[in-house]
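The structure appears right after this line, and notes come after that.
Please read these numbers as outputs of a predicted model, since none were measured by experiment.
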Amino acid sequence: MDLEVSPALTIPASELGWRFSRSSGPGGQHVNTSDSRVELLWNVAGSAALSDDQRLMLLTRLGQRLIAGVITVTASERRSQLRNREIALAKLSALVAEGLAPEAARRRATKPTRGSNRRRLAAKEQRSATKRQRQRPSAE
C-alpha cells in the first residue's frame, strides 16, 4: 500500500520498512502476547520517490530525526497492530509534508503609529497616577 503524502509525492510501499514489538500501552494481558507496537522506517537519503531538491530539503529540515538518512516513526497508541500501522503511516505522511512545505514569508518589522504611541504613553501616565495616589501622604 503506497503512502500518498501529497498529489505530487507518493512513497512506494517497497521503500517502507516495518518492525513490530511488544507495546507498553493499553491492552491488559493481551499486550504481553502480541506485537502491537509499530515502527515505520523510510530511507530518505536513498529514496527514488524524491527529487534531488526534495531530498536535500528533507535532509536539512529533518536532520535531527534522521539516523543514517533513515527516518523512524513509532506508534503504540492502540491495542491493534493494524490501527498502529495506520497511525504510523499518518505520522510519517504529516512529517514529510511538513518538511516539504514552503517556508513562511518573513515578518516585515513596522514602526508603531503616532496614535498608538500616544495611547501607550497616556496609559502609562494613568497607571503612574493611580500608583501615586495609593502612596501614603507625606508628613508635611
Side-chain angles (χ1 to χ4, degrees):
M1 182 171 145
D2 294 345
L3 175 63
E4 185 174 334
V5 177
S6 68
L9 176 64
T10 302
I11 302 171
S14 60
E15 290 188 6
L16 299 174
W18 296 95
R19 268 195 292 199
F20 308 102
S21 59
R22 302 253 164 91
S23 176
S24 62
Q29 293 177 350
H30 169 76
V31 82
N32 299 327
T33 59
S34 63
D35 292 338
S36 59
R37 180 175 180 263
V38 172
E39 284 185 42
L40 176 59
L41 302 115
W42 181 50
N43 188 351
V44 176
S47 176
L50 297 171
S51 68
D52 291 335
D53 295 335
Q54 290 174 329
R55 183 175 295 107
L56 183 63
M57 189 181 294
L58 283 177
L59 288 174
T60 54
R61 288 187 179 174
L62 302 178
Q64 299 290 337
R65 292 201 54 149
L66 297 175
I67 299 170
V70 176
I71 191 162
T72 305
V73 176
T74 60
S76 60
E77 290 88 17
R78 302 286 179 188
R79 291 175 60 168
S80 162
Q81 186 187 98
L82 181 64
R83 296 283 174 253
N84 285 334
R85 278 181 177 226
E86 293 168 354
I87 292 170
L89 284 170
K91 282 183 180 181
L92 180 65
S93 177
L95 198 62
V96 172
E98 184 182 327
L100 291 175
E103 286 190 27
R106 289 253 179 225
R107 179 188 171 275
R108 194 176 349 171
T110 58
K111 286 185 177 180
T113 62
R114 207 176 303 155
S116 69
N117 215 11
R118 267 196 222 115
R119 286 189 298 273
R120 180 180 65 85
L121 293 175
K124 282 173 67 104
E125 188 62 42
Q126 177 68 39
R127 185 82 177 140
S128 174
T130 302
K131 290 190 171 202
R132 265 196 314 270
Q133 289 177 352
R134 287 182 190 157
Q135 291 178 355
R136 184 170 290 182
S138 62
E140 298 170 4

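In plain terms, the two heavy atoms of A49 and L9 that are nearest each other are O-CD1, 3.4 Å. Between G69 and N43, the closest heavy-atom pair is O-OD1, 3.1 Å. The two residues S51 and Q54 have their closest heavy-atom pair at N-OE1, 3.1 Å. When every heavy atom of R37 is checked against every heavy atom of T74, the shortest pair comes out as NH2-CG2, 3.6 Å. Closest approach of L50 and R55 over heavy atoms only: O-NH2, 3.4 Å. Contact record, R107 with A109: NH1-CA, 3.5 Å, taken as the closest heavy-atom pair.
Looking at residues two or more places apart in sequence or on another chain, you find a side-chain contact (heavy atoms from CB on, under 4.5 Å) between R120 and N117, K124.
You'll find the side chain of V73 stays beyond 4.5 Å of the side chain of E39, heavy atoms only. Using a 4.5 Å heavy-atom threshold, the side chains of L95 and R65 count as touching. Using a 4.5 Å cut-off on side-chain heavy atoms (C-beta onward), I87 and N84 make contact. Side-chain atoms of V44 and L59, non-hydrogen and from C-beta on, do get closer than 4.5 Å to each other. In this structure the side chain of V96 never reaches within 4.5 angstrom of the side chain of I71, judged on heavy atoms. Contact annotation: the side chain of Q135 never approaches that of K131 to less than 4.5 Å [non-hydrogen atoms, C-beta and beyond].
In summary, E77 and K91 engage in a salt bridge, as defined by a charged side-chain N under 4.0 Å from a carboxylate O.
Checking R132 against S128 by side-chain atom types alone, a donor-acceptor pair falls below 3.5 Å. Remark: the E15 side chain and the S47 side chain contain an N/O donor-acceptor pair separated by less than 3.5 Å.
The CD atom of E98 sits 11.0 Å away from the CG atom of L58 when rounded to the nearest 0.5 Å. Atoms OG1 and CD, from T10 and E4 in turn, are 4.5 Å apart once rounded to the nearest 0.5 Å. M57 CE to E103 CD: the interatomic distance, rounded to the nearest 0.5 Å, is 8.0 Å. Here the OG-CZ distance, from S80 to R85, works out to 9.5 Å after rounding to the nearest 0.5 Å.
Side-chain atoms of S116 never come within 3.5 Å of backbone atoms of P112 as a donor-acceptor pair (strictly under, hydrogens ignored).
Cluster membership check: W18 shares its hydrophobic cluster with I11, using side-chain heavy-atom separations under 4.5 Å among Ile, Leu, Val, Met, Phe, Trp and Tyr. Grouping the Ile, Leu, Val, Met, Phe, Trp and Tyr side chains by contacts below 4.5 angstrom, directly or via other members, places L40 with F20.
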Problem set entry | Step-by-step side chain to side chain contact (heavy atoms under 4.5 Å, CB included) determination, E86 to Q81 | CA-CA 9 Å; E86 293 168 354; Q81 186 187 98; over 6 Å; no
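L41 belongs to a hydrophobic cluster whose other members, connected by ILVMFWY side-chain contacts under 4.5 Å either directly or through intermediates, are V70.
Heavy-atom contacts from other residues, nucleotides or ligands closer than 6.0 Å to CG of L82 number more than 12.
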